Amino acid sequence: MSEFIPVNEPLLDGDEKKYLLECIESGWISSEGPFVRQFEEAFAPRVGRKHGVAVANGTAALDLAVDALGLGPGDEVILPAFTIISCVHQIVRSGAIPVLVDSDPLTWNMDVGQLASRITSRTKAIMAVHIYGLPVDMDPILELARKHGLAVIEDAAEMHGQTYKGKPCGSFGTVSTFSFYPNKHLTTGEGGMIVSDDPQLAETCRSLRNLCFQPQKRFVHERLGWNARMTNMQAGIGLAQLSRLDEFVARKRRMGALYQEVLAGCSHAQLPLARTDYADNIYWVFGVVLREDCGMDAEAAMAALAKAGVGTRPFFCPMHLQPVLRRLGLFAGEEYPVAERLYKQGFYLPSGMALRPDQIERAAAALRNLFA
Ligand SMILES: Cc1ncc(COP(=O)(O)O)c(C=O)c1O
């Protein structure tokens, strides 16, 4: 059998090694090193924001953002059913209530047409999550948030370098967050960033990230925080990656276009939209959703593709199907049919930054062969 095609492989052939060596030679390996602030100051303006707070991962970025907004017991936060569990962690831990919205069947993002019906007198925030490469339609979200005085948490974990109507993703939330896990357009190994234009909110996140140590009385604490600091080594890798963001976005778009070309006419699978009227896909991952009448679900297809040497990952399991959340009494009797179908029939093909055209052709041929 020819080489296994991994679902993700990052590209680290720029200045990453040079900056890492600098950390080791200077001894600055902790979060106190100079690359952290440099990375924050380079990243925030790149996504159109005034302040950046680098953190340990994208989940921590969301946790801190939700806490910094002061969301707590009884507050309702609206978010898509089809997302990663990172989105609900701090909502649930704080005693706030996650309120779900089903997905748009074509973009796989939150169906913003259903949003207004989910707003109540207890709604305090909307979490807008951009899924898999196309942004969620932000204008209706921002309009409802303005009308009802709601905060917007924009989860742009997967959206580095993407724009919505020409403005950078990450520039829309009261607070917005990113992840730098190795399958992202930019990676730091593990890592994340909170961005905002609100200096007070950014300062609160800075404090929450660092256990709420106080400048004057270091070991006296007025609030519970996290140790969610990013190390100088991670930030060094981030700086090297950030300098290549445009190249990375262009590279992923070429990969997406090649997948679209070689899978065109494959009647058994729905492919990602190449564009909407507000954005061109940046293909964070190349997802496919098998038609329900094709005789196979995602699990069976992924097992067969693994045998053919092609790595895949399942789509997100919707929040209302999460055992851990249902045991808390959440979402009883609720149904989100589009999110459920995406979960059952959807998965993504190899999508890493280091993926080669010949691997894309092989992966696509393996998918087609499942139905030959
Ligand atoms: C939409 C979304 N939000 C949050 C996260 C969490 O990021 P991390 O893995 O860095 O904690 C991810 C991770 O892939 C994600 O896709």
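Sequential numbering from 1 along the given sequence is applied to the chain's residues. Computed from a predicted model, the values in this text were never measured in an experiment. Every number for a ligand or one of its atoms is a count from 1 in the order of the listing.
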Any Glu190 heavy atom less than 4.0 Å to ligand 1: no

Just by distance, do the side chain of Ser103 and the backbone of Pro105 share a donor-acceptor pair under 3.5 Å? no

Heavy-atom nearest neighbour in the protein, as seen from atom 11 (O) of ligand 1, with distance rounded to 0.1 Å: Thr59 OG1, 2.5 Å

Can you see whether Phe178 has Lys184 sitting over its ring - NZ or CZ less than 6.0 Å from the centre and within 45° of the normal? no

Among the heavy atoms of Ser86, does any lie under 4.0 Å from an atom of ligand 1? yes

Considering only the protein, which heavy-atom contact is closest to atom 3 (N) of ligand 1, and what is its distance? Asp155 OD2, 2.6 Å

Atom 14 (O) of ligand 1 - nearest protein heavy atom and its distance: Lys184 NZ, 2.7 Å

Using distance alone, with no hydrogens and no angle criterion, decide if Tyr283 and Gln260 have a side-chain donor and acceptor under 3.5 Å apart. yes

Specify the protein heavy atom at minimum distance from atom 16 (O) of ligand 1: its residue, its atom name, and the distance to 0.1 Å. Glu158 OE2, 2.6 Å

Under 3.5 Å: donor-acceptor pair, side chain of Arg206, backbone of Gly52: yes

Which heavy atom of Cys205 sits nearest to which heavy atom of Leu64, and what is that distance? O-CD2, 3.6 Å

Hey, which atoms in ligand 1 end up nearer than 4.0 Å to a heavy atom of Asn57? 10 (O), 11 (O)

Which of the numbered atoms in ligand 1 are below 4.0 angstrom from a heavy atom of Gly58? 6 (C), 7 (O), 8 (P), 10 (O), 11 (O)

Before we go on, tell me: are the rings of Phe180 and His160 under 6.0 Å apart, centre to centre? yes

Within the structure, does Ser179 bring an N/O atom to less than 3.5 angstrom of an N/O atom in ligand 1? yes

Ligand-residue contact atoms, ligand 1 with Val129, heavy atoms, under 4.0 Å: 1 (C)

Does the separation of the ring centres of Phe286 and Tyr348 fall below 6.0 angstrom? no

